[in-house]
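Working notes, beginning with the structure itself.
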Amino acid sequence: MLDHRVTTFLTVCKHMNFTKASEELNLTQPAVSQHIHYLEEMYGVKFFVFKGKKMFLTEAGNAFLNSAKTMQHNDICLKEKLEVMKQQRPLLNFGATLTIGEFLMPNCLTAYLKSHPNLMVKMQVANTKELLTKIDVGEIDFAFIEGYFSKEEYESILYSREEYIAICGADYPFKKEPIWLEDLFSERIIIREKGSGTREIFEKAISEQNVSIQDFRYVAEVGNIETIKQLTSNNLGITFLYRAAVAKELEEGTLRELVLKDFKSMHDFNFIWRRGSSFAGEYRAIFEEMKKLQRKER
């Protein structure tokens, strides 16, 4: 069971304010301070410093926060697993970013469920940032993500390496066929919302060309890949997506790839979980079985 003082520490870190933490925990402020002091005495370090009225984590505080998140994750996951054991129904509880969840996970999950017919499944689809938070608080056990994450906080295994490409409608009315990234600046670019792995990857890729989204004349943010593809196929703009997400449309001819001389991007999709988790061996075994079964399904 997670020590209640560690819970207090996590709540203080959430708000970086003793008063707000005490309100959430329904404790007095002196009690919150006492819990933090107890932990600092136990480990012989200071977790917080104040600069004026603003509160900051020390280096030791950051290290303890990382460990405390894993403690919290393990505690919540253990409670869930014990409850599942009582029901004698195994549970697969995980998350996936939108591209992986929609275009790669169906085949993978199909193969796994065929091998585990009595398995209960909870798969949450969200952006990378949301999934990392869900792992931290124990809402999911692990996740398949396309965005960036801290190697200090999470362990990972490479799931796949995917190509990121420029896309337009089959008969998009360009004045001149684009061959460079800057040739697209006068077009409307249709992109995912901020916080999504797809958006993050695109921004990083174009930043290497000293380009930003603001360089495009018109920008449309859309939080759904199918809608992005539909708008693009209707010649309402151009977009950048993983080849895996548009493989069907490219084959059918409703979308076409724009081959740009100065844009080449490959990105890793990763299977991740909290570093130091007590269930790391179990997660690795699940991943290896998924990959093995998926290869057989093909």
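Numbers here simply count residues along the sequence, with the first being 1.
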Write down the atom of Cys168, the atom of Leu258, and the distance for their closest heavy-atom approach. SG-CD2, 3.7 Å

Does any N or O in the side chain of Ser22 come within less than 3.5 Å of the main-chain N or O of Thr19, such that one atom is a donor and the other an acceptor? yes

Are side-chain N/O atoms of Gln124 and Glu139 paired as donor and acceptor at under 3.5 Å? yes

Do Tyr218 and Leu231 share a hydrophobic cluster, counting only Ile, Leu, Val, Met, Phe, Trp and Tyr and linking them when any side-chain heavy atoms are less than 4.5 Å apart? no

Is the backbone of Val32 close enough, under 3.5 Å, to the side chain of Thr8 for a donor and an acceptor to pair up by distance? no

Can Arg256 and Glu177 be counted as an ion pair, charged N to O under 4.0 angstrom? yes

Using 0.5 Å steps for rounding, measure from the OG atom of Ser156 to the OH atom of Tyr283. 15.0 Å

Here the gap from Asn270 atom CG to Tyr148 atom OH, rounded to the nearest 0.5 Å, amounts to 11.0 Å

Salt bridge or not between Lys46 and Glu40? Use side-chain N to carboxylate O under 4.0 Å. yes

For the rings on Tyr154 and Phe142, is their centre-to-centre separation under 6.0 Å? no

Which atom pair, heavy atoms only, marks the closest approach of Gly253 to Ala170? O-CB, 3.0 Å

Look at the side chain of Asp215 and the backbone N and O of Ser212, then say whether any donor-acceptor pair between them is shorter than 3.5 Å. yes

Do the side-chain N and O atoms of Glu252 and Thr254 include a donor-acceptor pair separated by under 3.5 angstrom? no

Is the number of heavy atoms from other residues, nucleotides or ligands within 6.0 Å of CZ (Phe174) greater than 12? yes

Nearest-0.5 Å distance that lies between atom CD in Glu41 and atom CD1 in Ile36: 12.5 Å

Do Glu146 and Thr128 pass the side-chain hydrogen bond (donor to acceptor under 3.5 Å, both in side chains) test, and can you show the C-alpha distance, the side-chain angles, and the key distance before you say yes or no? CA-CA 7 Å; Glu146 60 199 86; Thr128 298; 5.9 Å; no

Taking the side chain from Asn234 and the backbone from Gln230, do they hold a donor-acceptor pair closer than 3.5 Å? yes

So that I can tick it off, tell me whether Glu24 and Lys14 are bridged by a salt bridge, with the cut-off set at under 4.0 angstrom between side-chain N and carboxylate O. yes

For residues Ile145 and Phe279: do they belong to one hydrophobic cluster (side chain heavy atoms under 4.5 Å, members Ile, Leu, Val, Met, Phe, Trp, Tyr)? no

Please say whether more than 12 non-hydrogen atoms of neighbouring residues, nucleotides or ligands are located less than 6.0 Å from CD in Gln34. no

With a 4.5 Å cut-off on side-chain heavy-atom distances among I, L, V, M, F, W and Y, is there a chain of contacts connecting Tyr43 to Leu10? yes

Side-chain ion pair, Glu288 and Arg284, N-O less than 4.0 Å: no

Any salt bridge linking Arg217 with Glu187? Criterion: basic side-chain nitrogen under 4.0 Å from a carboxylate oxygen. no

If you measure from the Lys or Arg side-chain nitrogens to the Asp or Glu carboxylate oxygens, is any gap between Arg199 and Glu203 under 4.0 Å? yes

Without swapping roles, check the side chain of Ser115 against the backbone of Tyr112 for a donor-acceptor pair under 3.5 Å. no

Decide, yes or no, whether a salt bridge links Glu257 with Arg243 under the criterion of side-chain N to carboxylate O below 4.0 Å. yes

Please tell me if the side chains of Leu181 and Ile206 come closer than 4.5 Å, counting only heavy atoms from C-beta onward. yes

Pairwise side-chain contact, Leu184 with Phe216, heavy-atom cut-off 4.5 Å (strictly under): yes

Going through the distances and angles, do Leu132 and Glu153 end up as a side-chain contact (heavy atoms from CB on, under 4.5 Å)? CA-CA 10 Å; Leu132 294 178; Glu153 294 187 52; over 6 Å; no

Closest heavy-atom pair, Thr198 versus Arg192, reported as atoms and distance to 0.1 Å, is OG1-NH1, 3.9 Å

Can any side-chain N or O of Asn74 pair as donor or acceptor with the backbone N or O of Ser278 at less than 3.5 Å? yes

So CD1 of Ile165 and CE of Met266: to nearest 0.5 Å the spacing works out to 11.0 Å

Walk me through whether His15 and Glu23 qualify under side-chain hydrogen bond (donor to acceptor under 3.5 Å, both in side chains). CA-CA 11 Å; His15 297 287; Glu23 290 172 355; over 6 Å; no

Provide the closest heavy-atom pair for Gly101 versus Pro106 in the form atom of the first, atom of the second, distance. O-CD, 3.4 Å

Shortest non-hydrogen separation from Thr99 to Ala245 and the atoms involved: CG2-CB, 4.3 Å

Does any non-hydrogen side-chain atom of Asn235 lie less than 4.5 Å from one of Tyr172? yes

Test item: Thr97 and Phe144 side chains (from C-beta on) under 4.5 Å apart, heavy atoms: no

Has Arg188 got a side-chain atom pairing as donor or acceptor with Leu236's backbone, closer than 3.5 angstrom? yes

Ring centroid separation for Phe269 and Tyr242, is it under 6.0 angstrom? yes

Would a 4.5 Å heavy-atom cut-off, applied to side chains only, mark Trp180 and Leu260 as touching? no

Group every Ile, Leu, Val, Met, Phe, Trp and Tyr by side-chain heavy-atom contacts under 4.5 Å, then state whether Tyr38 and Phe47 land in the same group. yes

First locate atom NE2 of His73, then atom CE of Met71, and finally report the distance between them rounded to the nearest 0.5 Å. 13.5 Å

CG of Leu293 to CG of Leu113: how many Å apart, nearest 0.5 Å? 10.5 Å

Between Glu152 and Ser150, do the side chains contain a donor N or O and an acceptor N or O under 3.5 Å apart? no

Hey, are the side chains of Leu109 and Leu92 touching, using non-hydrogen atoms and a 4.5 Å cut-off? yes

Smallest heavy-atom separation, Gly61 atom then Thr58 atom, equals N-OG1, 2.9 Å

Any chance you could lay out the side-chain contact (heavy atoms from CB on, under 4.5 Å) test for Ile213 and Ile191, step after step, and finish with the verdict? CA-CA 9 Å; Ile213 288 173; Ile191 54 172; 3.4 Å; yes

Measure up the Phe271 and Phe287 rings against each other and bin them: parallel (under 30°), tilted (30 to 60°), perpendicular (over 60°). tilted

Evaluate the side-chain contact (heavy atoms from CB on, under 4.5 Å) criterion for residues Leu57 and Met16: first the C-alpha distance (whole Å), next the side-chain angles of each, then the deciding distance (0.1 Å), finally the verdict. CA-CA 9 Å; Leu57 277 165; Met16 293 307 286; 4.3 Å; yes

Report whether Met123 and Ile225 are members of the same hydrophobic cluster (ILVMFWY, side-chain heavy atoms less than 4.5 Å apart, transitive linking). yes

With the threshold set at 4.0 Å, does a side-chain nitrogen-carboxylate oxygen contact exist between Lys229 and Glu226? yes

Are any side-chain N or O atoms of Arg274 and backbone N or O atoms of Ala280, one a donor and one an acceptor, separated by less than 3.5 Å? no

Under 4.5 Å between any side-chain heavy atoms of Met55 and Val12, yes or no? yes

Pairwise ring-ring contact (aromatic ring centres under 6.0 Å, His included) hits with a residue in residues 219-241, at least two apart: Phe202-Phe240, Phe240-Phe263

Report the C-alpha distance between Phe9 and Leu65 in whole Å, list the side-chain angles of each, state the deciding distance to 0.1 Å, and finish with yes or no for side-chain contact (heavy atoms from CB on, under 4.5 Å). CA-CA 8 Å; Phe9 172 80; Leu65 174 60; 4.0 Å; yes

Centre-to-centre under 6.0 Å for His35 and Phe18, is that the case here? no

Should His267 and Glu162 count as side-chain neighbours, where that means a heavy-atom distance under 4.5 Å? no

